Amino acid sequence: MLLALLVALLIAPFMLYPIFVMNVLCFALFAAAFNLLLGYTGFLSFGHAAFFGGGAYFTANAVKEWGWSPEMGIALGVLGAAALGLVMGLIAIRRQGIYFAMITLALSQMFFFYAVQSSWTHGEDGIQSVPRGKLFGFIDLNNTETMYFFVLAIFLIGMGIIWRFVNSPFGMILKSIRENEQRTISLGYAVNRYKLGAFVMSAALAGLAGATKSLVFQFATLTDVAWQMSGEVILMTLLGGIGTLIGPIVGAALVVTLQNYLATSDVPVTIVIGAVFMICVLVFRRGLVGEFYRSRLGRRLGFDPEP
């Protein structure tokens, strides 16, 4: 099945509009990064737009204003998002539940208003006409097909990092924190360090998704750091299924597809997405992929039914 998925991704730009597929891949990586914190650690963040948009702004500014190469610009976006995650995480992990969520939302809004007023982000205009440049100095990313395979490589690397992170001893401890934090503390683990590590890793991968998106669409705007973006990634993860590796990808593909194909119709996109979300909550309470994993067919295929 993984081989079939890889083949589908390789032929996708020849069957579908490449920019659309690249948009799906960027948001799928963003949702998977968010799921790393929610699905495997159990912490709901309302502030991930700061990392996604921050990565986009850092990369766009470095590539356009400083003349950096695209790979160096993306690296700066990842490091900048990780730094934001470290600062926000040191403050937020001291609380749990709704208090944690509200703190992340407040800190994210602080970064949003900083982006509105700062000169280097160009306020409401954003950073426009970001050049894609040449990868490693000789691979021209202005070619759409070349850019697609570059984005696909970043997506696969990001998903590989998440898979390794989740299936490592570190990931096992995160799951134990999610299930019973007090018992994990009683076993001698410094849970705050693990929570901070998961928060920073999630922020860095979200920044990677935002940085890549800024090169795909060649701009970074306030939409990337607005609180609505945090709401969208939560919706994507819940629709697909939290605590699964594939779920956020499916949820992101569903939401982006609805937004793309309903944008020119007379039907309000938000109403349709809201209706789909309500149906999934009522019928597929574990998300589309989560329910499939727990179905008879999913168990026969050997999928892990862990929440």
Side-chain angles (χ1 to χ4, degrees), residues 2 4-33 51-81 121-122 125-162 204-221 223-225 229 232-233 236 248-250 252-257 259-261 263:
L2 289 175
L5 177 62
L6 180 59
V7 171
L9 290 173
L10 289 174
I11 65 174
F14 306 103
M15 307 294 293
L16 300 170
Y17 185 46
I19 299 296
F20 164 72
V21 184
M22 285 189 276
N23 192 29
V24 171
L25 292 178
C26 290
F27 277 102
L29 180 58
F30 182 28
F51 313 131
F52 182 76
Y57 271 120
F58 296 142
T59 297
N61 186 74
V63 172
K64 182 178 181 180
E65 303 296 337
W66 301 343
W68 286 21
S69 62
E71 68 273 14
M72 292 300 296
I74 289 178
L76 178 64
V78 173
L79 291 175
T121 60
H122 300 282
D125 294 330
I127 303 177
Q128 307 286 340
S129 303
V130 178
R132 291 179 178 175
K134 293 186 177 181
L135 183 65
F136 305 123
F138 65 94
I139 302 176
D140 189 8
L141 295 182
N142 290 304
N143 182 283
T144 303
E145 291 182 4
T146 304
M147 185 66 194
Y148 172 80
F149 287 107
F150 174 59
V151 173
L152 177 59
I154 290 177
F155 171 76
L156 293 176
I157 291 172
M159 294 304 300
I161 292 173
I162 293 174
L205 290 169
L208 176 62
T212 306
K213 180 177 176 289
S214 70
L215 292 181
V216 171
F217 291 97
Q218 298 182 275
F219 61 76
T221 65
T223 303
D224 298 329
V225 293
M229 185 62 70
E232 281 191 20
V233 74
M236 293 172 183
I249 301 175
V250 173
L254 177 61
V255 172
V256 173
T257 301
Q259 290 175 340
N260 183 74
Y261 286 100

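Everything numeric in this text was worked out from a predicted model, so none of it was measured.
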Could you pull out the closest heavy-atom pair between L141 and M147, with the gap in Å? O-CB, 3.5 Å
With distance as the sole test, does R132 use its side chain to make a donor-acceptor pair with the main-chain N or O of D140 at under 3.5 Å? no
Could you check whether any side-chain heavy atom of K64 comes within less than 4.5 Å of a side-chain heavy atom of P131, counting everything from C-beta outward? yes
When every non-hydrogen atom of A31 is compared with those of A252, the smallest separation belongs to CB-CB, 4.4 Å
Determine whether L215 and V151 satisfy the following criterion, side-chain contact (heavy atoms from CB on, under 4.5 Å), listing intermediate values before the conclusion. CA-CA 9 Å; L215 292 181; V151 173; over 6 Å; no
Nearest 0.5 angstrom please: I162 CD1 to I157 CD1, how far? 12.5 Å
Nearest-0.5 Å distance, CD1 of residue I127 to CG of residue D125: 11.0 Å
Flag side-chain contact, heavy atom, 4.5 Å: L254 against M236: no
What residue among M22, Q259, M229 forms side chain to side chain contact (heavy atoms under 4.5 Å, CB included) with F27? M229
Testing F51, F155, F52 for ring pair (Phe, Tyr, Trp, His ring centres under 6.0 Å) with F30, which one passes? F52
Residue pair I154 / I74, side-chain heavy-atom distance below 4.5 Å: yes
Y57 versus A220, closest heavy-atom pair with distance: CE2-O, 3.6 Å
I'd like to check T146 versus L135 (side-chain heavy atoms, cut-off strictly below 4.5 Å). Are they in contact? no
For E71, the side chain to side chain donor-acceptor pair (under 3.5 Å) test, sequence neighbours excluded, returns S69
Heavy atoms of C26 and A209 approach each other most closely as O-CB, 3.4 Å
Nearest 0.5 Å, please: how far is CD1 in I161 from CG in L208? 7.5 Å
Return the minimal non-hydrogen interatomic distance between M159 and L29, and the atom names on each side. N-CD1, 4.3 Å
Quick one: are V130 and S214 in side-chain contact, heavy atoms under 4.5 Å? no
When rounded to the nearest 0.5 Å, the distance separating CG of N143 from CZ of F149 is 10.0 Å
Determine, stepwise, if the pair L25 / L9 fulfils side-chain contact (heavy atoms from CB on, under 4.5 Å). CA-CA 10 Å; L25 292 178; L9 290 173; 4.0 Å; yes
From W66 CH2 over to M72 CE, what is the distance, rounded to the nearest 0.5 angstrom? 11.0 Å
Do the non-hydrogen side-chain atoms of L79 and F58 ever get within less than 4.5 Å of each other? no
Answer whether the closest heavy-atom distance between the side chains of T59 and L76 falls below 4.5 Å. no
What's the separation between atom OH in Y148 and atom OH in Y17, rounded to the nearest 0.5 Å? 14.5 Å
Indicate the atoms forming the closest heavy-atom contact of A206 with A33, along with that distance. N-CB, 3.6 Å
Measuring only between side-chain heavy atoms, which start at C-beta, is M15 closer than 4.5 Å to V21? no
